[in-house]
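First up is the structure itself, then whatever we jot down about it.
Only heavy atoms go into these numbers, but all of them, side chains included; no hydrogens, no water, no symmetry mates.
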Amino acid sequence: MRNICDEHLEFLNDCTAEELDPLLDALLDKDRKGRISSELELTDDYKAYAPDHTRYTAEIAREIQKYGGNTLANIFRGGEGVPYKEVLCDVCDQMDVNFNNRQSVKMIEDALLAKVLTQVWEEMTTEERAAVLTDAGFKSTNAGGITSAAMVAAFRAGGFESYKLTLIVVNSVWKILFGKGLTFAGNRILCQFLKILTGPVGWAITGVWTAIDVASPAMRVTIPAAIYIAGLRRMKSEKAALAQLEKA
């Protein structure tokens with residue numbers, strides 16, 4: 001197994017196969033046979049070990065990097081694509097995210113997730129907002145006066161509410177784009193909430209479909225991939241922090 005040649009994707013080595021599996025939704029087609037320009041399914045490690053994605057994290061990272069660069073540029077780079085941060089910044093430009101490319105990857109990823117959360121919140125009814133507050137574990141479920149800015153502040157504050165908000169956002173996007181939620185979420189309340197975010201209304205709520213619909217074929221891969229990587233990194237970070245607090 002090769003090493004991941006990108007410091008911002010090295011955390012994929014610490015993920016389970018179940019946590020990595022949604023990335024294959026973005027990188028390959030629904031039958032896992034590969035897109036026209038994909039190479040992951042052609043690698044020896046993928047052929048030998050799929051669906052144990054932990055055995056070929058370097059190939060997964062390389063596929064993300066490759067989609068981040070145009071085909072001609074990748075030829076001159078030896079087929080290695082571009083750094084993940086460049087992929088992320090391109091996605092944020094496409095999604096009209098307010099960010100600065102001199103910021104850290106974590107800050108840019110949080111800005112991307114906050115953008116999606118804002119779109120979700122602003123399109124929801126009061127009843128749907130109350131459901132999110134309940135699912136995320138907020139003490140107050142009076143959604144009438146809570147703005148999207150307040151939700152983003154809660155998201156950025158960290159802790160259990162932040163973890164659940166991240167899970168709700170990413171799980172919702174995956175349900176809408178790929179017709180299934182995150183298998184490792186395993187939350188009955190989340191599954192119930194996701195019924196709200198399906199069909200044409202769901203597309204409008206996330207705003208992701210609009211961005212993908214006008215994007216290049218490569219960005220139709222990198223947009224969901226970046227959203228998932230951002231969400232996964234934050235969920236794992238928040239989960240680890242919560243575990244430390246429980247031990248203290």
Side-chain angles (χ1 to χ4, degrees), residues 8-9 22-23 25-26 64 67-68 83-125 128-129 131-133 135-136 138 143 146-159 161-178 181-182 185 190 193-194 196-198 200-216 218-238:
H8 301 302
L9 293 178
L23 275 177
D25 292 329
I64 295 166
Y67 273 110
Y84 168 71
K85 185 174 183 179
E86 185 174 331
V87 177
L88 174 64
C89 289
D90 286 345
V91 167
C92 288
D93 283 335
Q94 183 71 31
M95 293 286 295
D96 196 25
V97 175
N98 183 19
F99 77 104
N100 186 317
N101 59 16
R102 292 187 294 273
Q103 293 174 316
S104 68
V105 161
K106 183 181 183 303
M107 291 181 68
I108 298 172
E109 286 181 335
D110 284 352
L112 173 61
L113 293 173
K115 173 73 173 185
V116 180
L117 174 59
T118 297
Q119 293 172 329
V120 168
W121 191 254
E122 290 180 350
E123 293 293 335
M124 277 196 267
T125 66
E128 291 165 350
R129 291 179 180 182
V132 172
L133 294 175
D135 295 352
F138 284 84
I146 299 181
T147 64
S148 58
M151 292 300 291
V152 169
F155 161 76
R156 294 185 182 279
E161 291 85 359
S162 177
Y163 172 84
K164 293 296 287 292
L165 282 174
T166 305
L167 179 56
I168 286 170
V169 167
V170 178
N171 205 18
S172 301
V173 170
W174 235 247
K175 182 73 173 178
I176 292 160
L177 294 182
F178 302 106
L182 309 179
L190 278 177
F193 167 71
L194 284 173
I196 299 170
L197 299 177
T198 57
V201 175
W203 292 115
I205 286 175
T206 64
V208 175
W209 171 245
T210 302
I212 290 178
D213 194 38
V214 298
S216 66
M219 292 205 74
R220 292 171 191 170
V221 173
T222 57
I223 289 175
I227 291 173
Y228 183 71
I229 290 170
L232 182 61
R233 192 194 312 272
R234 186 173 182 87
M235 284 187 285
K236 289 182 76 68
S237 175
E238 293 293 349

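Across Ala226 and Val91, no two heavy atoms sit closer than the pair CB-CG2, 3.9 Å. Nearest approach of Ala114 to Arg156, heavy atoms of both residues: CB-NH2, 3.8 Å. Across Val105 and Tyr84, no two heavy atoms sit closer than the pair CG1-CE2, 3.8 Å. When every heavy atom of Gly68 is checked against every heavy atom of Thr222, the shortest pair comes out as N-CG2, 4.0 Å. The shortest non-hydrogen separation linking Cys92 to Leu112 is SG-CB, 4.0 Å. Here the closest non-hydrogen pair linking Val221 and Ala26 is CG1-O, 3.4 Å.
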Q: Quick one: do Val170 and Leu182 satisfy side-chain contact (heavy atoms from CB on, under 4.5 Å)? Show the steps, please.
A: CA-CA 8 Å; Val170 178; Leu182 309 179; 4.0 Å; yes
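Side-chain atoms of Gln103 come within 3.5 Å of backbone N or O of Asn100 as a donor-acceptor pair. Side chain of Lys115 to backbone of Asp96: a donor-acceptor contact under 3.5 angstrom is found.
Considering only residues two or more places apart in sequence or on other chains, Asp110 meets the salt bridge (Lys or Arg N to Asp or Glu O under 4.0 Å) condition with Lys106, Arg234. Residues satisfying the side chain to side chain donor-acceptor pair (under 3.5 Å) test with Thr118, not counting sequence neighbours, are none. In this structure Val169 satisfies the side chain to side chain contact (heavy atoms under 4.5 Å, CB included) test together with Val116, Leu117, sequence neighbours excluded.
The distance from atom CD of Glu161 to atom CD1 of Ile168, rounded to the nearest 0.5 Å, is 11.0 Å. With values rounded to the nearest 0.5 angstrom, Leu9 atom CG is found 7.0 Å from Arg233 atom CZ. Atom-to-atom distance recorded for Met95:CE and Ile223:CD1 is 6.5 Å, nearest 0.5 angstrom. Atom OG of Ser162 and atom CE of Met235 lie 10.5 Å apart (nearest 0.5 Å). Going from atom CG of Leu88 over to atom NZ of Lys85 covers 8.5 Å, rounded to the nearest 0.5 Å. The CD atom of Glu109 sits 7.5 Å away from the CD1 atom of Ile229 when rounded to the nearest 0.5 Å.
Side-chain contact between Tyr228 and Leu23: present, with at least one pair of heavy atoms (C-beta onward) separated by less than 4.5 Å. The shortest distance between side-chain heavy atoms of Asp93 and Phe99 falls below 4.5 Å. Between Pro224 and Val173, the closest side-chain pair of non-hydrogen atoms is not below 4.5 Å.
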